[in-house]
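Worksheet: the structure to be examined is printed underneath.
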Number of protein chains: 2
Amino acid sequence: MVTQPVTVPNVERIHARYKAMLQALRRANYRITPQRMAVCQFLAETRSHPTPSEIYHAVKEQFPTISRATVYNTVAVLKDLGEIIELPSGGSAGVRYETDITPHVNLTCMRCGRIFDVALEDLDSILHEIDARTQFNVTSFHIEGYGVCPDCQEA
Amino acid sequence: MVTQPVTVPNVERIHARYKAMLQALRRANYRITPQRMAVCQFLAETRSHPTPSEIYHAVKEQFPTISRATVYNTVAVLKDLGEIIELPSGGSAGVRYETDITPHVNLTCMRCGRIFDVALEDLDSILHEIDARTQFNVTSFHIEGYGVCPDCQEA
DNA sequence: GCAAAAAGTTAGAACGAGTATAATTTTAGA
DNA sequence: TCTAAAATTATACTCGTTCTAACTTTTTGC
Ligand SMILES: [Mn+2]
Ligand SMILES: [Mn+2]
Ligand SMILES: [Zn+2]
Ligand SMILES: [Zn+2]
């Protein structure tokens, strides 16, 4: 039902994600800078699948001197570390970042542009089937659906 | 095994796809121009998931006066008609077009960049499950896997 | 502590995919 | 053949992303 499986209270989940991101940076010998902390904080809080520009503006409010280059650099590092996932985009739209790294399906509304999360069991049965049928070494995969969200169907 | 289910001989399949594209254009009252025929010809032949730029250069060899705008216009029309599918892309890479509209999974090799097709049964059982679990009206969806192809694993 | 080296941040330039525009050419149908 | 509508073309433009070089901060070695 276009909701995320809420098993952990939000405040705790956010804090856990934030700590995990910083921990991942530390483990890979990246330095923990105020800018990176601010970006991680925002990414841990949001559920909006933000674009780099949205991250930039959000962080800028609390941290007015941050530059776009730092945002791009930080998300690139977090992506390499597997803490966030880059969502491919079509046409001239920019990329978005997936901050919920638990396997799920993203449904993009072609009217309002929002992305909704759907938990689906057996997601990795797909991975197993691919493994069984190819010599390809698949490290990640994602499923995107496109259509019209409930809100936009009414209007 | 990173192959496409070859049920129809290639030459016939290509010709059938080509005719289907022109037919779709005609049905929707688009005019059949030499430029559109050349683009459709290339799209029917290729299995390379080409970018607009690759289409442009390929068609330019047989049709030196074609412009990029015409390529963009033509693929937009063919996409609207459902004859090709736009594959979202990450970062600064351009979109690619899926010319095989039968449901299958695309596996992208992160070393060599090639995209491989995998036929997978139960693809639309996923669609059904999404339907059952959401109010979202899903019109299309696709699955992409990322990893290392057999060739690149050896090297 | 102090200097040198390394890593990170920053503003702005550069790049390139994709879109918009307007003049010209071509098509389809009467 | 003639005409109106549609398509093609070169070009300008937009904007997301990457690159660059100067500057700042942090770490390292003495
Ligand atoms: Mn999501
Ligand atoms: Mn494919
Ligand atoms: Zn919507
Ligand atoms: Zn490869």
Quick one about B/Ser53 and B/Thr51 (side-chain donor to acceptor, distance below 3.5 Å, no hydrogens or angles considered), yes or no? no
Just to confirm, is there a sub-4.0 Å distance from OP1 or OP2 of C/dG8 to any side-chain nitrogen or oxygen of A/Asn73? no
Residues A/His142 and B/Glu144: side-chain donor-acceptor under 3.5 angstrom: no
Round to a whole Å and report the spacing from CD of B/Glu54 to C1' of C/dA17. 13 Å
Please check: side-chain N/O of B/Arg111 versus main-chain N/O of B/Cys152, any donor-acceptor pairing under 3.5 Å? yes
Whole angstrom value for the distance that separates P of C/dT19 from CD of B/Glu86: 8 Å
Separation of atom NZ in B/Lys79 from atom P in C/dG18, rounded to whole Å: 11 Å
Can you check the B/Tyr56 OH to C/dG16 P distance for me, whole Å? 15 Å
Using a 4.0 Å cut-off on heavy atoms, which residues in residues 29-40 of chain B reach DNA chain C? List them by number, or say none. B/Arg31, B/Ile32, B/Pro34
Span of DNA chain D in contact with chain A (heavy atoms, under 4.0 Å): D/dG16 to D/dT27
Using only atom types and a distance under 3.5 Å, with no angle test, would you say the side chain of A/Arg17 pairs donor to acceptor with the backbone of A/Cys40? no
Is the closest basic N to carboxylate O distance between B/Asp151 and B/Arg114 below 4.0 Å? yes
Mapping B/Gly91 and B/Ile66 onto DNA chain D by nearest heavy atom, which one lands closer to the 5' end? B/Ile66
5'-most by nearest nucleotide on DNA chain C - A/Thr74 or B/Ala69: A/Thr74
Side chains of A/His49 and A/Asp100 only: does a donor on one sit below 3.5 Å from an acceptor on the other? no
Indicate yes or no for a side-chain donor-acceptor contact from B/Glu86 to the backbone of B/Ala76 under 3.5 Å, with no hydrogens or angles considered. no
So which one's nearest nucleotide on DNA chain C is more toward 5', A/Thr65 or B/Tyr72? A/Thr65
Donor-acceptor under 3.5 Å (B/Arg36 side chain, B/Arg31 main chain): yes
Given 3.5 Å as the limit, does a donor-acceptor pair link the side chain of B/Arg68 with the main chain of B/Pro52, or not? no
